[in-house]
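Single-structure report; data block below.
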Amino acid sequence: MFRRLPVLAGATVLLFTTACGGGSAPRPGERTTQISDPADVDAQAAALLAEMSLEEKVGQLLVPVLSGTTAEENAEVIERYHPGGFIYFPENLETPEQVAAMSNGLQERATGTGAGIPLFLGVDEEQGLVSRLPFGARFPDAMALGAARDPELARELAAATAEQLAAVGINLDYAPVADVNVNADNPVIGIRSFSSDPELVGELAAAEVAAFQDGGVVAVAKHFPGHGDTDVDSHTGLPVIDKSRDEWERVDLPPFQRLVDAGVDMVMTAHVLMPQLGDAEEPATLSPHLITGVLREELGYDGVVTTDALNMEGVRQTHDDGEVAVRAVLAGADQLLMPPDVDLAYSAVLSAVEEGRISEERLDESVLRILRLKLRRGLFDAAPADAEQAAQVATQPEHHEAAQRVADASVTLLRNTNGVLPLARTATVHALGVGAEEIGAALADLGLTVTDSLSGADAVVVGTDGARGDAEQQRLVARAQASGAPVVVVAQGTPYDLSVLPDVDAFLAVYSTMEVSRVAAARVVAGEVSPSGRLPVDIPGTELGFGDGLSY
């Protein structure tokens, strides 16, 4: 076990051993307050808070990027800043055994230092396009779930992901995406969104949230107040969404409201400017009106609010990095994710509290929310990750089977001229474009003959991903059509590719470049699986819209 704090030991009385007028001051790190009822999270959090220094409280707001692949490489950050957590990236993750050892080491250092508060150890593991783990089952992207229309599959994805994360000591996942993707030109959300339909997004996101939290992993709904109608990537600029309050309430709000009502652990803000929602000056991350006014007061959310990464350009347009950190706290954020300069963010917030710009009462509100969540998710009593078990979980066949079920259920057939699909098992096929090697190998495994030449092929399968904005991919499809053989397009990004490929003989959307999605496409092409997916979005420039899809 990690070191348990005396405040959690469960004494029979509420005891303050530093009585007025007599007792000596506690030693640094020593706990003096005990709680009679360990189930009383609020009382435990308040007791923990009462014994934290100002510096330790400010530290809980910080979630830096992890350095290296060992706990030792982050020891100085823990000692100096007492951060509330860390976020992992691929460069920190090698094997299940290494990640488990690193997670254990980080927690041991945190609970043995200062206030002794365990860490949120988080990661962006949405699955599909945004996936950090180099091991474990790889599921398709969220839009594939939107096409499958099955909340049970969403639960399977999140439950498997939570098990994989918990096995290596990761206790927080910055997922799911609750954005409603209604903009075909969105450069950063796209297939990371379940759908353009608010009700479907809410239903699938709620299924994932429940499964994550049931699995002991903190779920994070992102990106409030909505990032689905942007044509600018907030990593590189500030998106402006100039929509009315009425339209926002109709399109973007419903999934977030549903997740707030369902008790989602954490909500992430978006670096987007929404002037008609009441703040024409600041992005949502820095907006008291949107975080405190709308999210807290109107929606009734009292969970933890985290910023999106503070190293993104969308939040660094008009203030320096220290001021950004201060304004995020003043707006109502509880955790500052990935400040580009940890020392600057820490010093700026600490100074703002000391000078009275941020009241200590406001700081305590955030720290209490963080402590309550850590208590509810059992971080103080968490057993260390077991390296051997972690390795077994990473190869668990049930997870890989679940990923294939999601992929198979997502395949959406949008064109099938003259019944070209399914192909006969005696057909000779040429595969080219995005994912051609994996699609071709899967077709061969199903008994079709895969040839290296366009000449003489009975059909040509062309993989695309973003062909709507890629002239080279469009030319590749045209070259395949010039062969005279029927052309089957497998779109592995958004299904919007169809708008620039109007004359292909067959068009399949699989919404993901994951291997399971390419295998699923091959299964449908060969008739092993009948396509059952339905469009989760409208396709501009075509007559196809939400709910469309063909079957055999």
Side-chain angles (χ1 to χ4, degrees), residues 128 139-154 156-157 180-182 184 190-204 207 403-423 434-435 439 442 459 461-468 477 486-514 516-552:
F139 283 76
D141 296 79
M143 197 171 281
L145 286 165
R149 298 284 207 284
D150 187 348
E152 182 56 38
L153 291 177
E156 287 191 45
L157 179 151
V180 181
N181 198 83
V182 293
I191 56 174
R192 296 169 61 196
S193 166
F194 294 107
S195 175
S196 62
D197 180 72
E199 184 176 350
L200 182 59
V201 172
E203 181 180 31
L204 296 175
Q404 193 62 63
R405 280 197 298 276
V406 172
D408 287 351
S410 74
V411 182
T412 310
L413 179 62
L414 296 174
R415 179 169 295 144
N416 193 21
T417 305
N418 297 324
V420 64
L421 293 180
L423 298 180
V434 177
I439 294 171
V461 176
V462 184
T464 66
D465 179 8
R468 185 167 174 268
V477 173
V487 172
V488 179
V489 167
V490 177
Q492 296 151 67
T494 65
Y496 307 132
D497 286 2
L498 182 60
S499 64
V500 295
L501 304 172
D503 301 322
V504 295
D505 299 282
F507 187 98
L508 293 171
V510 297
Y511 317 95
S512 182
T513 59
M514 297 302 101
V516 288
S517 295
R518 291 166 175 169
V519 169
R523 289 180 172 185
V524 168
V525 167
E528 182 78 10
V529 169
S530 177
S532 60
R534 295 295 177 262
L535 265 179
V537 295
D538 297 329
I539 301 182
T542 75
E543 295 180 353
L544 293 170
F546 180 86
D548 285 338
L550 305 172
S551 299
Y552 298 152

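Values below: all heavy atoms of this structure, side chains included; hydrogens, waters and symmetry mates excluded.
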Gln492 side chain reached by Ser517 side chain, heavy atoms, under 4.5 Å: no
Reported OG-to-CZ distance for the pair Ser195 and Arg534, which is rounded to 0.5 angstrom: 14.5 Å
Test item: Pro495 and Leu535 side chains (from C-beta on) under 4.5 Å apart, heavy atoms: yes
Residues which pass side chain to side chain donor-acceptor pair (under 3.5 Å) with Arg192, listed by chain and number, not counting sequence neighbours: Glu126
I'd like a table of donor-acceptor pairs (distance under 3.5 Å, sequence neighbours excluded) in which one partner is a side-chain atom from residues 538-545, with atom names and distances.
{"residue": "Asp538", "atom": "OD1", "partner": "Phe546", "partner atom": "N", "Å": "2.7"}
{"residue": "Thr542", "atom": "OG1", "partner": "Ile539", "partner atom": "O", "Å": "2.8"}
{"residue": "Thr542", "atom": "OG1", "partner": "Leu544", "partner atom": "N", "Å": "3.1"}

Non-hydrogen side-chain atoms of Val510 and Arg518 separated by less than 4.5 Å: no
Worked verdict on Arg415 versus Val504 for side-chain contact (heavy atoms from CB on, under 4.5 Å): CA-CA 8 Å; Arg415 179 169 295 144; Val504 295; 3.9 Å; yes
Residue pair Val519 / Gln404, side-chain heavy-atom distance below 4.5 Å: yes
Pro140 side chain reached by Val516 side chain, heavy atoms, under 4.5 Å: yes
Check: Pro531 main-chain N/O paired with Ser551 side-chain donor or acceptor under 3.5 Å: yes
Min side-chain heavy-atom separation Val525-Leu421 under 4.5 Å: yes
Glu199 atom CD, neighbour heavy-atom count above 12 within 6.0 Å: no
Side-chain heavy atoms of Leu145 within contact of Tyr511, under 4.5 Å: no
Heavy-atom check, side chain of Val489 versus side chain of Asp497, under 4.5 Å: no
Straight-line distance of Leu157 CG to Arg405 CZ, nearest 0.5 Å: 11.5 Å
Donor-acceptor contact below 3.5 Å, side chain Asn416 vs main chain Val420: yes
Worked check of side-chain contact (heavy atoms from CB on, under 4.5 Å) between Asp465 and Thr513: CA-CA 8 Å; Asp465 179 8; Thr513 59; 3.5 Å; yes
